[in-house]
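Order of the sequence lines fixes the chain letters, A, B, ..., with proteins taken first and strands second; residue numbering starts at 1 for each chain.
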Amino acid sequence: MAGYTEEELAEDLKNQEYKFGFTTEIESDKIPVGLNEDVIRLISAKKNEPEWLLEYRLNAFKIWQDMIEPDWAHVKYEKPNFQEISYFAAPKKQYESWDDVDPEMKATMDKLGISLDEQKKLTGVAVDFVMDSVSVATSFKEKLGELGIIFSSFSEAVQNHPDLVRKHLGTVVPTKDNFYAALNSAVFSDGSFCYIPKGVRCPMELSTYFRINESGTGQFERTLVVADEGSYVSYLEGCTAPQRDENQLHAAVVELIALDDAEIKYSTVQNWFPGDKNGVGGIFNFVTKRGMCHTNSKISWTQVETGSAVTWKYPSCILKGDNSIGEFYSVAVTNNYQQADTGTKMIHLGKNTKSTVISKGISAGQSQNSYRGLIQINKNAHNARNFTQCDSLLMSDRCGAHTFPYIECSNNSAKLEHEATTSKIGEDQIFYCQQRGLSEESAIGLIVNGYVKEVLNKLPMEFAVEAQKLLAISLENSVG
Amino acid sequence: MTLVLSKKMDTFLSELTVPSNEIQSNIIEQLKGMDFPTSRDEYWKYTRVGKISNTKFSNTTAPSNEIDVAAHLVSDNYIVIENGTIRTELSQTNSDFAINYKDATEVNHLVNLDNNNVFTAINSGLFKEAISISISANQAIEKPLQLVFVSTGESNIANNRILVEAGKSSSASVIISNISNKANNCFNNTIIEASVAENAHLTLHKIQNESATNLSVSTEQVRQAKNSTFKINTFTLTGLLVRNNINIAVEGENCETYMNGAIVSAGKQHVDNHTFVDHQVPNCYSNENYKYVMDDQSTGVFNGRVIVQKDAQVINAYQNNGNILLSDNASINSKPELEIYADDVKCSHGSTTGQLDEMALFYLQARGISRENAKKLLVSAFIGEVISATNDDTVIELIQQLLSNEYGWEFA
Amino acid sequence: MSKALLDIKNLHAEIEDEGKAILKGLNLTVNAGEIHAIMGPNGAGKSTLASVVSGKDGYEVTQGTVEMDGQDLLDLDPDERAKEGLFLAFQYPVEIPGVSNINFLRTALNEIKEYRKEDPISAKDFMALVREKSKLVELDSKLASRSVNEGFSGGEKKRNEIFQMAMLDPKVAILDETDSGLDIDALRIVAAGVNKLKNENNAVILITHYQRLLDYIVPDYVHVLADGKIVKTGDKTLALELEEKGYDWLTEEKTV
């Protein structure tokens with residue numbers, strides 16, 4: 001019988017191309033490779049930064065030099081040589097307004113499927129676009145300004161709202177938090193800054209697209225979102241990179257602050273170049289993302305991770321305020337030789353705090369996909385609740401799916417539930433679909449989409465469609 | 001090669017007498033360069049061993065004349081071991097099991113032990129006589145063999161080594177009881193090597209009921225050949241620091257592996273269970289169920305690890321860990337881990353933590369049962385599931401009796 | 001003369017890997033407009049027949065042919081067989097979490113239409129069709145929007161199978177023990193659905209243990225499948241005889 005076998009599926013998966021692997025020919029201002037105090041001073045000077053920020057960077061650099069790269073994650077890779085990376089690359093031209101943006105750059109965005117013009121008109125999504133290290137365009141600034149919402153590149157925020165930045169920077173992810181956070185704190189080049197004033201409900205999705213374009217560079221962006229009391233914002237983040245046979249480092253830090261009664265929804269579709277089918281090249285995605293929840297506030301992380309050669313990422317919530325809520329919804333797909341070690345930490349400090357963790361891993365090819373999560377209920381976190389569901393789906397007999405949950409409970413009024421399952425796509429399910437006339441590819445596509453639906457439903461509409469497409473591409477030729 | 005001597009280890013070893021043979025003195029030499037695990041070691045993250053490493057234990061204390069094991073006996077086939085020394089005159093054995101006592105130079109080891117592990121090395125370097133137990137092929141032994149390890153005196157260390165060899169198509173069970181007679185701050189360091197041959201059934205029951213100041217680390221290193229079944233039931237009732245390591249290598253196809261644990265703790269007890277099932281071959285089943293009931297300031301640790309190796313297809317592995325915290329100051333750390341490198345598997349784990357169900361408590365109270373008794377009923381029901389899973393009436397009865405003595409729980 | 005919709009000749013099949021022969025030279029011709037019942041003792045190969053004809057993995061056909069409406073089936077993938085018009089109502093319908101019945105059926109229907117070079121059905125027409133067909137088996141229209149078979153009772157699952165049969169309008173439908181475990185009301189509903197779907201251009205094969213089903217769906221032929229072959233064929237009275245006497249007399253008769 002000429003069935004579509006799993007071996008064939010695996011073959012198809014191997015042979016599929018990374019669709020975002022183009023480079024953009026833009027004249028760029030890239031500083032020489034290497035990392036030392038002078039480089040940090042140079043970055044700071046290029047950005048015309050205030051003295052305190054330079055001090056912050058230099059202090060971080062000192063701390064970083066004494067740290068060692070962590071190796072507890074379930075991933076294997078050659079550690080990057082931090083002296084061979086250029087820590088700053090920016091498109092040479094600076095733009096006054098969106099209309100001045102280089103057409104080639106605009107074309108890049110078109111290829112990414114994020115035509116700003118289109119989105120401006122149709123979807124009402126405000127977009128900040130970070131290419132290599134520098135934020136190149138932020139749309140919708142005026143409209144947001146009327147509501148007092150600040151949404152700009154991080155560098156602009158440093159110039160225009162230094163007090164706000166200084167007050168919050170590093171309060172959620174301290175410089176010495178971990179190796180990559182310290183590195184980022186020393187060399188971060190740009191990123192996004194967002195402030196929602198008291199009681200304001202941001203009327204549109206705010207969105208940032210990150211792209212690594214130059215070879216031999218790393219990207220170290222910094223995102224800071226502050227939702228003041230009673231405000232609401234939904235923030236989207238997308239990432240792509242060109243196809244190169246080197247490993248490029250992406251070490252970002254994202255800090256979210258939800259003050260009393262505020263809500264932040266942070267969605268990521270991560271599609272950094274995963275390396276080719278032999279595991280050559282691809283992005284090392286070592287990211288620290290954490291949110292601080294004050295009283296009655298809520299932070300919800302949703303991520304769809306399809307890219308990167310190695311992912312090391314644990315978007316977390318510190319539930320400091322009473323009645324605060326943390327959520328984490330994740331789909332992580334690994335294929336070929338990709339490795340992902342991802343999950344979340346929910347630190348329950350306040351009373352009546354609640355957290356929900358839904359993680360769906362899909363492993364194909366020879367990839368390794370790990371869930372690592374921490375649920376920590378501290379002594380005074382009375383009536384804390386957690387529900388964790390973490391499922392793994394295996395699509396080949398050469399991949400791995402692993403689950404490493406840490407559950408630490410020091411309060412007896414807590415109620416914690418953790419469930420995990422690992423299984424392969426059921427042959428009986430595929431056969432059932434086929435018997436109804438679906439091809440094997442559509443059957444797998446349908447089943448995979450059903451499997452991740454719970455998470456995709458948490459994404460804003462426009463993003464959900466994109467995420468679904470990405471999943472299809474990641475598992476393509478086999479999946480409809 | 002020069003060894004960097006660890007000061008802590010030097011102090012620890014200072015009062016201990018090493019049996020005079022080359023094998024063990026070499027191990028102790030190696031050990032001098034090693035250090036005790038700290039919370040930076042992933043598998044010791046939640047357990048501090050300072051109470052062990054900071055004590056100068058003795059292994060030459062004279063035997064006691066006041067040993068009474070009667071209350072703990074459930075078999076008429078038993079061996080009594082005091083502080084690591086076999087007391088044949090207090091033991092009573094029949095010919096069901098072939099039992100031999102062997103020193104380090106005579107032992108034929110059944111498994112590979114990792115002498116880079118500090119506690120394993122301490123045991124390997126210091127045990128006096130290993131108890132070697134074998135069950136001949138095709139022999140089905142109905143009555144269990146019971147090993148009663150008794151701690152006595154002040155700050156004594158016992159390094160117990162047991163070898164259990166279950167022959168082809170045999171079936172038997174061994175009960176390991178840890179008790180104390182007027183013991184304070186004693187340390188029991190036990191290693192069981194077990195090999196379960198083709199089609200054999202072996203069950204180990206561990207009943208840990210030591211003095212409230214005693215310390216204990218035990219390791220079961222097990223190999224299973226094809227079509228075999230291995231069960232291990234751990235009951236921890238008392239002891240200040242209790243660490244259990246169960247490592248099972250499933251080397252043959254079509255095996256079944258069961259691990260049950262019931263942990264009841266109070267005071268400042270710390271109970272840490274680490275289990276590891278290594279599925280190396282296809283078509284196997286493993287099932288683990290550990291339940292903790294923690295009172296006062298006690299702390300619990302559960303780390304259940306399952307690895308399904310590449311090509312070990314058609315594995316069903318289940319892990320469950322349920323925890324009830326009875327007091328505000330009790331805490332639990334649970335870490336069920338799955339590492340899967342094959343695809344045709346069904347693996348799952350669940351972990352729940354909470355207090356007793358208030359609705360159920362209320363319901364019982366509304367029927368006239370005091371809150372205290374209602375709690376006992378619910379706890380008994382929670383943990384009773386694991387106890388009855390042992391399927392051995394004498395063991396069930398003993399555990400229930402001990403729990404009733406210790407905590408006043410009654411089982412229906 | 002009516003045309004043969006399903007034509008099975010000298011079918012031999014074994015379980016892959018084990019090499020154990022289950023079907024040992026089975027012959028069966030089903031013409032348009034006919035209902036056939038296949039009965040037989042446990043382990044005779046009834047469900048294997050359904051699996052082999054529909055192309056389930058794990059079986060190897062060592063001899064013989066299976067043709068549907070003149071088209072050789074054995075070289076086709078399961079979905080191609082379905083697209084050619086073969087429908088199998090599963091004995092144990094599978095649950096597919098997260099995939100709604102509606103989405104599932106619409107995908108199936110449109111793939112079948114594409115295969116037949118027909119235009120896809122519009123959302124509006126599709127929903128109208130769902131409403132119409134779900135009435136046929138008294139299936140709550142809410143069930144149609146739930147995940148495929150997830151949380152359905154046994155009876156609901158079987159009704160869902162017949163509902164899907166109605167939606168896909170097959171040429172040949174094989175009902176594999178669709179009656180097993182159904183209470184009498186559910187059995188009546190399922191049977192009524194099948195009777196309504198039955199016409200001059202299609203055919204139904206009932207695999208069953210129980211004569212009871214045949215009171216509601218009256219077969220033109222009753223076959224006894226034993227030890228991998230059809231050992232006896234008769235009309236519906238044969239079913240009554242089997243109910244009364246069991247199967248032993250047949251297997252004995254054969255050896256005599």
Side-chain angles (χ1 to χ4, degrees), chain A residues 6 10 71-72 74 361 363-380 382-427, chain B residues 40 42 45-46 282 292 294-297 299-358:
Chain A
E6 282 185 48
D71 55 9
W72 42 261
H74 196 83
S363 330
Q366 319 228 20
S367 66
Q368 299 295 331
N369 199 334
S370 303
Y371 168 82
R372 187 182 302 277
L374 168 68
I375 306 299
Q376 188 181 69
I377 311 298
N378 285 274
K379 190 93 203 63
N380 297 319
H382 294 288
N383 292 317
R385 295 284 177 269
N386 165 263
F387 175 76
T388 300
Q389 171 79 48
C390 127
D391 297 325
S392 308
L393 198 61
L394 292 150
M395 296 185 67
S396 98
D397 61 359
R398 282 289 168 269
C399 59
H402 319 296
T403 323
F404 306 103
Y406 295 70
I407 302 155
E408 304 177 0
C409 180
S410 305
N411 186 298
N412 76 322
S413 58
K415 202 167 177 179
L416 314 178
E417 285 173 80
H418 170 99
E419 288 171 25
T421 62
T422 304
S423 54
K424 70 183 222 166
I425 285 196
E427 274 165 14
Chain B
R40 282 189 301 277
E42 180 65 24
K45 192 175 160 73
Y46 300 110
Y292 288 67
M294 322 287 299
D295 205 349
D296 301 334
Q297 297 159 63
T299 52
V301 180
F302 170 78
N303 185 169
R305 200 169 157 219
V306 172
I307 291 193
V308 178
Q309 304 282 8
K310 211 175 245 182
D311 297 325
Q313 302 290 5
V314 198
I315 298 292
N316 286 4
Y318 303 98
Q319 284 180 320
N320 185 49
N321 166 229
N323 309 302
I324 286 186
L325 302 179
L326 292 175
S327 112
D328 272 352
N329 296 310
S331 65
I332 178 84
N333 297 301
S334 168
K335 194 181 166 216
E337 291 177 60
L338 294 171
E339 279 181 59
I340 316 282
Y341 299 92
D343 67 333
D344 194 359
V345 296
K346 274 195 192 119
C347 298
S348 69
H349 62 222
S351 168
T352 55
T353 299
Q355 46 191 351
L356 291 175
D357 183 354
E358 276 299 327

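- Checked by atom type, the side-chain pair A/Glu408/B/Tyr46 shows a donor-acceptor distance below 3.5 Å.
- Annotation: maximal heavy-atom pairing with chain B below 4.5 Å, among A/Thr422, A/Asn411, A/Leu393, occurs at A/Thr422.
- Ranked by non-hydrogen atom pairs under 4.5 Å with chain B, the options A/Gly400, A/Pro405, A/Ser423 are led by A/Pro405.
- Ring orientation note: the planes of B/Phe302 and B/Tyr292 are nearly perpendicular, at an angle over 60° on the 30°/60° scale.
- Between chain A and the options B/Ile324, B/Asn320, B/Asp311, B/Asn303, the largest number of non-hydrogen pairs under 4.5 Å is found for B/Asp311.
- Salt-bridge check for B/Lys335 with B/Glu42: passed, with a basic side-chain N closer than 4.0 Å to an acidic carboxylate O.
- The shortest distance between side-chain heavy atoms of A/Leu394 and B/Tyr341 does not fall below 4.5 Å.
- The ring of A/His418 has its center no closer than 6.0 angstrom to the ring center of A/Phe387.
- In this structure, the portions of B/Ser351 lying under 4.5 Å from any heavy atom of chain A include both its backbone and its side chain.
- When heavy atoms are compared at a cutoff of 4.5 Å, B/Tyr318 does not approach chain A at all.
- The pair B/Asp343-B/Lys310 does not count as a salt bridge, with every side-chain nitrogen at least 4.0 angstrom from each carboxylate oxygen.
- Ion pair A/Lys415/A/Glu417 not flagged as a salt bridge, since none of the NZ, NE, NH1 or NH2 atoms sits closer than 4.0 Å to an Asp/Glu carboxylate oxygen.
- Chain B forms more heavy-atom pairs under 4.5 Å with one residue of A/Cys399, A/Ala420, A/Ser410, A/Ser370 than with any other, namely A/Ala420.
- Each of B/His349, B/Gln355, B/Lys45 has some count of heavy-atom pairs under 4.5 Å with chain A, and the biggest count is that of B/His349.
- By the 4.5 Å heavy-atom criterion applied to side chains, B/Asn321 and B/Pro336 are not counted as neighbours.
- Only the backbone of B/Leu326 has a heavy atom closer than 4.5 Å to any heavy atom of chain A.
- Neither the backbone nor the side chain of B/Gln319 comes within less than 4.5 Å of any heavy atom of chain A.
- In this structure, chain A has no heavy atom under 4.5 Å from any part of B/Asn323.
- Heavy atoms of A/His382 lying under 4.5 Å from chain B are absent altogether.
- In this structure, A/His402 has its ring center at least 6.0 angstrom away from the ring center of A/Tyr371.
- With chain A as the partner, the residue from B/Asn333, B/Val308, B/Ile340 showing the most heavy-atom pairs under 4.5 Å is B/Ile340.
- Heavy-atom distances place no part of A/Gln376 under 4.5 Å from chain B, backbone and side chain included.
- Each of B/Ala342, B/Gly300, B/Ser327 has some count of heavy-atom pairs under 4.5 Å with chain A, and the biggest count is that of B/Ser327.
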